[in-house]
Peer 1: 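Before we start, here is the structure in question, set down as structure tokens.
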Amino acid sequence: MGSVAQHVVGVTTGSRSYNVFVEDAISSRLGQIVREVLGPKPRRAVIIADTHLPMPLLAGVEVSLFRAGFQFDRMGIEATEANKTVRTLERVLEFLASRMHERGEPVIALGGGIVGDLAGFAAAVHRRGCPVIQCPTTLLAMVDASVGGKTGVNLEVETAGGSTLLKNAVGAFHQPHAVVIGLDTLDSLPARQFNAGLAECVKHALLGGAFGDGELMEWMEEKAKQRSGETTKQGEAPCKRGAWRASVGEASVLRELVLRSVLIKAKVVAGDEREEATSATGGRALLNLGHTFAHAIETLPGLTFRTCEGEKAGALLHGEAVGLGLLAACRVAAEMSRCEEGLSGRVAALLQAFELPVAVSGLPSAEDIVARMQHDKKVLDSVLRLVLPTAGCRAEVVENPARELVVGAVESLRDKGR
Ligand SMILES: NC(=O)c1ccc[n+]([C@@H]2O[C@H](COP(=O)([O-])OP(=O)(O)OC[C@H]3O[C@@H](n4cnc5c(N)ncnc54)[C@H](O)[C@@H]3O)[C@@H](O)[C@H]2O)c1
């Protein structure tokens, strides 16, 4: 594994070992890194890019590739879950085929998790596999989606109740040849999206004790406290560009947060590349901490909750739902005396500092939500399995937790003030 000081994290898996490079600017070394990783032979690349990225950023990426001797074509993807489908995958594959994209030539995935998952899957199946370089442009994709090789798309299926979008129902494990993170890509990311990524960092902090970084949680708390002090002192309004500055402050804090989160994800993945671990204390399944709750509430319409953009009505972002799921998981664990009693309070304080919702109004009954959790893909033989935190920023998979505790934790997410 690389160290934080080097700004490079090594990921070692059975199928491929690669580096995650954390750069201040995506354009500074992207071309050079791709050339170093793939050698002198490939002369062409295809960039699959999120259509919401600013033109100067795209231009910087293209110049960097050009300087490293690559000719390139670019295809834009509208990054919505409804568009993350087999149909869009087919369009990407047709684009690659029409460019006579060869097996040794790279696909450059430039965008958030939607583009990364789609372009990664296309690279996995085009000519039975070509290299993909993941260049994540959301915080969530930097610390989570771009690392670990999971790729895929949603599947729209007709059921008795109408058409349903099954998330990530088809996919492949296809490790990238490199992950190149340019922190400057976050300058254009909306604040709400950035904060949603912070929830995944809190999740990593809650797992860090088992993966070499039991101090990440405290470090985040300290930085959040300093930040709130500074904001009050200066009366600073959240900036529109570089919204991350409003949430985490200095660039060095952002870099360290990304590096430490990636290091934890890399260690989880190294221990269980294909999510096959069955032991209760290990494996990639731990990354689902908070997610069983989150999946049951994230697509619910008609919720009202507080974000950095003020009061919102509608559906939660995935990261916002994960934050709430982390809170619920901590509350179940505390009731079972599996973690420190004060943990949920600490998590709630961190989420509030990051302007993430800690309660929502408009939730259906807690019983209904727990029934939805029973449909989660992690449920086997009708046994509900929850990843719950334990002492020392660790977690484990718990089978069949008492239903009333789960119902109580869900109920605790209801905003009773409205
Ligand atoms: N493969 C994995 O291991 C893994 C892990 C977690 C999540 N995911 C997947 O990731 C997806 C969510 O990804 P996400 O949260 O990164 O969001 P996203 O890809 O949905 O992007 C969120 C929004 O931000 C916009 N955007 C992205 N980067 C931007 C930038 N720099 N400037 C301005 N706008 C920008 C996008 O166009 C989109 O509107 C889900 O589909 C999820 O299933 C995959």
Side-chain angles (χ1 to χ4, degrees), residues 11 13 20 25-26 48-58 60-61 76-85 88-89 109-121 123-124 132 134-155 165-176 179 181-201 203-204 240-244 261-262 265-266 268-269 272-275 284-285 287-291 294-295 298-299 315-323 377:
V11 186
T13 71
V20 180
I26 185 76
I48 307 293
D50 191 310
T51 48
H52 288 157
L53 296 177
M55 275 318 285
L57 196 146
L58 291 173
V61 163
I77 298 283
E78 176 70 24
T80 60
E81 289 297 337
N83 200 31
K84 186 184 167 185
T85 57
T88 311
L89 172 73
L110 183 66
I114 290 188
V115 167
D117 280 9
L118 240 170
F121 192 20
V132 62
Q134 291 284 355
C135 303
T137 64
T138 64
L139 180 63
L140 182 140
M142 288 176 183
V143 300
D144 194 357
S146 64
V147 180
K150 275 194 185 179
T151 71
V153 294
N154 304 327
L155 204 58
L165 203 63
L166 297 179
K167 275 199 73 181
N168 302 323
V170 251
F173 284 97
H174 187 56
Q175 298 293 345
V179 179
I181 294 175
L183 295 175
D184 62 334
T185 62
L186 295 176
D187 287 349
S188 55
L189 187 70
R192 192 176 161 202
Q193 290 285 351
F194 179 81
N195 293 347
L198 286 171
E200 297 285 357
C201 297
K203 179 193 81 178
H204 285 154
K240 287 219 168 56
R241 268 185 78 83
W244 56 268
S261 293
V262 167
K265 171 92 194 237
V268 177
V269 169
D272 181 23
E273 183 185 4
R274 290 177 165 255
E275 200 166 337
R284 217 168 158 153
L287 295 168
N288 288 313
L289 179 59
H291 281 61
H295 291 151
E298 71 181 305
T299 51
L316 294 154
L317 295 180
H318 173 68
E320 292 168 341
V322 167
K377 62 183 175 193

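Indexing begins at 1, ligand by ligand and atom by atom, following the structure's order.
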Peer 1: Go through ligand 1 atom by atom and flag the ones less than 4.0 Å from a non-hydrogen atom of Gln193.
Peer 2: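 Checking each atom against Gln193, I get 22 (C), 23 (C).
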Peer 1: Does a side chain donor of either Thr151 or Asp117 reach within less than 3.5 Å of an acceptor in the other side chain?
Peer 2: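 No - no donor-acceptor pair under 3.5 Å links their side chains.
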Peer 1: Please report whether ligand 1 has a polar contact with Ile114, defined as an N or O pair separated by less than 3.5 Å (distance criterion only).
Peer 2: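 There is such a contact, yes.
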Peer 1: Which atoms of ligand 1 have any heavy atom of His52 under 4.0 Å away?
Peer 2: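 Within the 4.0 Å cut-off of His52, ligand 1 contributes 33 (C), 34 (N), 36 (C), 37 (O), 39 (O).
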Peer 1: In the protein, which heavy atom is nearest to atom 7 (C) of ligand 1, and how far is it?
Peer 2: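 Result: Leu140 CD2, 3.7 Å.
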Peer 1: Numbering the atoms of ligand 1 from 1, which are under 4.0 Å from a heavy atom of Lys84?
Peer 2: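 Those of ligand 1 that fall under 4.0 Å from Lys84 are 9 (C), 40 (C), 41 (O), 42 (C), 43 (O).
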Peer 1: Could I get the full list of salt bridge (charged side-chain N to carboxylate O under 4.0 Å, His left out) partners for Asp50, not counting sequence neighbours?
Peer 2: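 Once residues adjacent in sequence are excluded, Asp50 has no partner under the salt bridge (charged side-chain N to carboxylate O under 4.0 Å, His left out) criterion.
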Peer 1: Please check whether Lys150 reaches ligand 1 - meaning an N/O of the residue sits under 3.5 Å from an N/O of the ligand, judged on distance alone.
Peer 2: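 Yes; the residue has a nitrogen or oxygen that sits under 3.5 Å from a nitrogen or oxygen of the ligand.
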Peer 1: Considering the heavy atoms of Asp50, write down every atom of ligand 1 situated less than 4.0 Å from one of them.
Peer 2: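 Contacts of ligand 1 toward Asp50, numbered from 1: 25 (C), 26 (N), 27 (C), 36 (C), 37 (O).
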Peer 1: Could you check whether Glu273 pairs with Arg284 (Lys NZ or Arg NE/NH1/NH2 to Asp/Glu carboxylate O, under 4.0 Å)?
Peer 2: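 No, this pair does not count.
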Peer 1: To check you understand the geometry: which heavy-atom pair defines the closest contact between Asn83 and Glu78, and what is its length?
Peer 2: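 Result for this residue pair: ND2-O, 2.8 Å.
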Peer 1: Which atoms from ligand 1 have a heavy atom of Ser188 less than 4.0 Å away?
Peer 2: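 Atoms satisfying the 4.0 Å criterion: 30 (C), 31 (N), 32 (N), 33 (C).
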Peer 1: Just to be sure I'm reading this right: ignoring hydrogens, which of Val322, Thr137, Thr185 gets closest to atom 28 (N) of ligand 1? Compare them by their nearest heavy atoms.
Peer 2: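 Of the listed residues, Thr137 has the closest heavy atom.
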Peer 1: With a cutoff of 4.0 Å, is Glu81 in contact with ligand 1, counting heavy atoms of the residue only?
Peer 2: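 Glu81 counts as a contact of ligand 1 under the 4.0 Å cut-off.
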Peer 1: If I compare all heavy atoms of Cys201 with all of Ser261, which pair ends up nearest, and what's the gap?
Peer 2: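 Taking Cys201 first and Ser261 second, the nearest heavy atoms are SG-OG, 3.7 Å.
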Peer 1: Would you tell me whether Lys150 and Asn168 have side-chain atoms, one donor and one acceptor, within less than 3.5 Å of each other?
Peer 2: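 No, because no side-chain N or O of Lys150 sits under 3.5 Å from a partner of the opposite role on Asn168.
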Peer 1: Please report the shortest heavy-atom distance between Leu118 and Lys84, naming the atom on each side.
Peer 2: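 The answer is CD1-CA, 4.2 Å.
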Peer 1: Quick test of your reading of the structure: of Ala49, Gly113, Gly148, Gly182, whose heavy atom lies closest to atom 14 (P) of ligand 1?
Peer 2: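 Of the listed residues, Gly113 has the closest heavy atom.
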Peer 1: Distance under 4.0 Å to a non-hydrogen atom of Asn168: what atoms of ligand 1 satisfy this?
Peer 2: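 In order of numbering, the contacting atoms are 43 (O).
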Peer 1: For ligand 1, indicate whether the residue Asp117 contacts it via side chain, backbone, both or neither (heavy-atom separation under 4.0 Å).
Peer 2: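 Answer for Asp117: side chain.
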